[in-house]
There are 2 protein chains.
Amino acid sequence: MIKLVLAEDQSLLRGALASLLALEADFEILADRLDGRSAWADIRRDPPDILVTDIEMPGLTGIELAEAIKRDGLKTRTLIVTTYARPGYLRRAMEAGVSGYLLKDAPATELADAIRRVASGERVIAPELAEAAWGEPDPLSETERRLLRLAESGLDSHAIAGTSGLARGTVRNYLHEAISKLGASNRIEAARIAREKGWL
Amino acid sequence: MIKLVLAEDQSLLRGALASLLALEADFEILADRLDGRSAWADIRRDPPDILVTDIEMPGLTGIELAEAIKRDGLKTRTLIVTTYARPGYLRRAMEAGVSGYLLKDAPATELADAIRRVASGERVIAPELAEAAWGEPDPLSETERRLLRLAESGLDSHAIAGTSGLARGTVRNYLHEAISKLGASNRIEAARIAREKGWL
DNA sequence: TCAACGATGTGACAGATGTCATGGTACTTT
DNA sequence: AAAGTACCATGACATCTGTCACATCGTTGA
């Protein structure tokens, strides 16, 4: 019997998956949660064999859950199920020691199969991503990432300086660095590129 | 027997919903499609009672499907199921004559219920949105919307002028209009606001 | 200790952007 | 016919942005 915990913030999908997986004779669903923090409480109390989780959730992200599991040395293996085919996400997930990374574009029938394979110790990566995993590494520094995020929301250099405690000129220097690293021609394009690659 | 067509581009969700709905004794799923165009072919050939559809899909959007159904006078009633709680989307959906608008945050059990209510002639709107429906109307002209979309991707005024066949100064005037209508302080913030409200 | 390095900051300049006044055309409404 | 309402355009100006050279300061490694 493979014991599962589900973490997914889209209720419709979570409910549908829970019903569907519950139909499989060899699965037992211990809990389904819509945020990372309550899922973590469940996992800690009674570690399941497999955690099936989204990445972007309120509270803790799926990747942070995987890191916590690794840190505490729990037996639980993590299977990420996400919308985003972004190399940066996959890279961070691998570093966090996840055992599987599927896309929500995958056919539903593949999920049960992937869960069984992960449970038996295999590693499952969405084929679309298998190669991209070894794509370019994230070139951004933490500061550049932080400022790019602020710029993305429409703040100007002065406002960014205010909220980040830097000088106006320094902000422009960092954004300039980000722009040139990403081959963009302005901060907007830079933010778009970084987001597409999963670096934001 | 309620005949259904499903249109949803996330295969995992589509598959899970199809399996789940197929379990209901009074539902019959005629087709499940991942793009608007092939769903439209199915609907035209043999109009179902209900179309359950996402909004953002390749080919045709769910709203465009609803418009096509209305235009051709088919008996099919449309139930939108989307991630986006944006007043603008809801407004456009209502204008297209949809019978229901649910969020993917809704519990899975609500979907079958909503389908039955729509089939019996009721109108079902996600409660979170019932009020927002009467929110501010979209203040943007088509041109402003178009240029805002281009600006959002990081093109500068010159590039936008090139791809849209306008003069550089005209582009800035339109963006200025959009910025002031939306109470933003630059084009980036304007694009963000418009997107959040569902006007982009 | 000293050099190297990274994070932060300044000043200057060209070019892009936001703002405003102004004017033209075409289409609709009254 | 007159007024109103998009739409398209130009010119001018202040401000913001992107770029670059250079300076400061603290930490780290040799």
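Only this structure's heavy atoms are used, side chains among them; waters, hydrogens and symmetry mates stay out. Proteins come first, then strands; the chains are lettered A, B, ... in the order of their sequence lines, and each starts at number 1.
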Do B/E196 and B/Y84 have side-chain atoms, one donor and one acceptor, less than 3.5 Å apart? no
Ignoring hydrogens and angles, state whether a donor on the side chain of B/R117 or B/S120 is under 3.5 Å from an acceptor on the partner side chain. no
Looking at every strand, decide which applies to A/T170 at a 4.0 Å heavy-atom threshold: base, sugar-phosphate, or nothing. base
Please report the distance, rounded to the nearest Å, between CD in A/E189 and C1' in D/dT17. 15 Å
Please step through side chain to side chain donor-acceptor pair (under 3.5 Å) for the pair A/S38 and A/D35, ending with a clear verdict. CA-CA 6 Å; A/S38 58; A/D35 68 299; 2.5 Å; yes
Taking for B/E144 and for B/R168 the nucleotide of DNA chain D with the nearest heavy atom, the one nearer the 5' end belongs to B/E144
Under 4.0 Å, heavy atoms only, any strand: does B/L175 hit a base, just the sugar-phosphate, or nothing? nothing
Quick one: on DNA chain D, does A/R187 or B/S141 contact a more 5' nucleotide (nearest heavy atom)? B/S141
Quick check for you: to the nearest 0.5 Å, what is the distance between B/R116 atom CZ and B/D49 atom CG? 13.0 Å
Can you tell which of C/dG9, D/dC8, C/dG18 lies closest to the side chain of A/N173? C/dG9
Side-chain N or O of B/Y174 closer than 4.0 Å to phosphate OP1/OP2 of D/dC8: yes
Given atom CG of B/L155 and atom C1' of C/dT17, what is their separation to the nearest angstrom? 15 Å
Using a cut-off of strictly less than 4.0 Å, decide whether B/H176 has a side-chain nitrogen or oxygen near OP1 or OP2 of C/dG18. no
Among C/dT17, C/dG18, D/dT17, the one nearest any side-chain atom of A/S157 is D/dT17
Among the candidates D/dG18, C/dT10, C/dT8, find the nucleotide nearest to the side-chain atoms of A/A167. C/dT10
